[in-house]
Amino acid sequence: MTAQLGLGTYRCLDVAEAALMAASRGADWVDTAPNYAGGQAETSLAPVLAAHRDLRVSTKVGFIPAGAGHIGVRAGALMAADAERGYCLAPNYIAWQLARSRRMLGRVPDLVFVHNPEHGCPDGEITGRLYKAFLTLEEACGQQVISAYGVATWRGFSSRLFDVPALIELAAKAGGPNHHLRAIQLPVSLVHLVPVAQALGGHGPLADALNAGLEVFASAPLHGGEIPDLVTPELSELITPGRTPTETALAVVASAPGVKRVLLSTGNAEHWGQAAGAVGRPPLSPDVLRRVVDVLGT
């Protein structure tokens, strides 16, 4: 199976403890954001990253972490109105937040996602918002402030606000043919099956990313922990005989064409071990995935 299990920190109650657990069990990636864990996620990760140099890390720009708004305003990086809204992708703020994240993490992040660029975006302005963000991120890559960037979205693809070819076009416009756009992140689960169905047909964000050489990070694979309760024993037996509902749900996500990493938010070692086992098994065949789509719909 090409997909790997990575730690997502959005729902982790103790980010440092969860990261230590995942790293000690072979995780190679942890995904975070400045606004996670009440604004403390990056700081919590710093000692774990220092102790596990092979553990790679991605963070994000967009949402303003708790307590940072007034600091950004005083630094001239934020307008007061943006600080009040709690979201900003202005060039000055992105540059300021990148430097702040680097200090908090104690290292250069391997990847920085533009976090939900659709958030609060007026109609017709998403392209301009993304292009300006990409320009700033390309400049940061050139200065080795960061290594690469991507787009993490909840509904950008599903709402057709943008697609992977459009993102690549904007990145090439901002950074030329050797641009640093490297990844996308989007929800993929038994609730969010549309990307899987599209990929089986050779189109949509997963297939487009695969064809373009972008890494795909699947977020919310258990939909906030709700999916195991939605998977009946009959459905689980149909998809992955002898496996638990959680293992079944994760196997579908990990088997989706193009998915490189499945981000699971947990600090529970037993849950992590079960998930790692499910993701580490041979992928489900396209025929099985089509059966899932047929049974559950999109």
Side-chain angles (χ1 to χ4, degrees), residues 1-12 18 21-31 154 157-158 183-210 214-298:
M1 182 170 287
T2 57
Q4 295 176 286
L5 188 64
L7 179 69
T9 57
Y10 177 58
R11 292 181 177 273
C12 289
M21 178 276 300
S24 67
R25 286 160 176 78
D28 74 327
W29 200 287
V30 57
D31 178 73
W154 187 256
F157 294 118
S158 61
I184 60 172
Q185 184 180 141
L186 71 161
V188 183
S189 69
L190 292 181
V191 171
H192 295 278
L193 267 178
V194 170
V196 180
Q198 291 173 329
L200 291 170
H203 63 280
L206 303 187
D208 289 342
L210 179 62
L214 300 184
E215 292 191 2
V216 175
F217 291 68
S219 61
L222 298 179
H223 200 62
E226 296 177 9
I227 284 179
D229 293 334
L230 303 177
V231 179
T232 65
E234 293 79 11
L235 179 60
S236 184
E237 192 67 19
L238 173 69
I239 302 171
T240 54
R243 305 300 178 189
T244 68
T246 295
E247 291 172 325
T248 296
L250 291 172
V252 171
V253 176
S255 302
V259 170
K260 174 72 178 215
R261 283 188 173 81
V262 180
L263 298 175
L264 182 70
S265 290
T266 184
N268 185 297
E270 182 179 356
H271 292 171
W272 181 271
Q274 292 172 350
V279 172
R281 293 190 183 99
L284 304 177
S285 69
D287 286 342
V288 171
L289 292 177
R290 289 189 183 95
R291 194 183 313 150
V292 173
V293 171
D294 289 341
V295 171
L296 295 179
T298 56

Looking at side-chain heavy atoms only, is the closest gap between V194 and S158 below 4.5 Å? no
How about T240 and V288: do any of their side-chain heavy atoms sit closer than 4.5 Å? no
Can you check whether L263's main-chain N or O pairs, donor with acceptor, with S219's side chain at less than 3.5 Å? no
Using side-chain heavy atoms (C-beta onward) and a distance below 4.5 Å, is L289 in contact with P257? yes
Looking only at heavy atoms, what is the nearest atom pair of L200 and V293, with distance? CD1-CG2, 4.3 Å
Is any side-chain heavy atom of V292 closer than 4.5 Å to one of L190? yes
For T244, does its backbone N or O pair with a side-chain atom of T248 as donor and acceptor, under 3.5 Å? yes
Hey, are the side chains of C12 and L7 touching, using non-hydrogen atoms and a 4.5 Å cut-off? yes
Under 3.5 Å, is there a donor-acceptor pair between the side chain of T266 and the main chain of W272? no
State, yes or no, whether a side-chain contact exists between L250 and Q274 at a heavy-atom distance under 4.5 Å. no
Quick one: which residue pairs count as a salt bridge (Lys or Arg N to Asp or Glu O under 4.0 Å) with a foot in residues 222-237, not counting sequence neighbours? none
R291 with D294: basic N within carboxylate O range, under 4.0 Å: no
Looking at S255 and V252, would you say the former's side chain and the latter's main chain have a donor-acceptor pair under 3.5 Å? no
Relative to the ring of W154, is the ring of H223 parallel (under 30°), tilted (30 to 60°) or perpendicular (over 60°)? parallel
L235 versus V295: any side-chain heavy-atom pair under 4.5 Å? yes
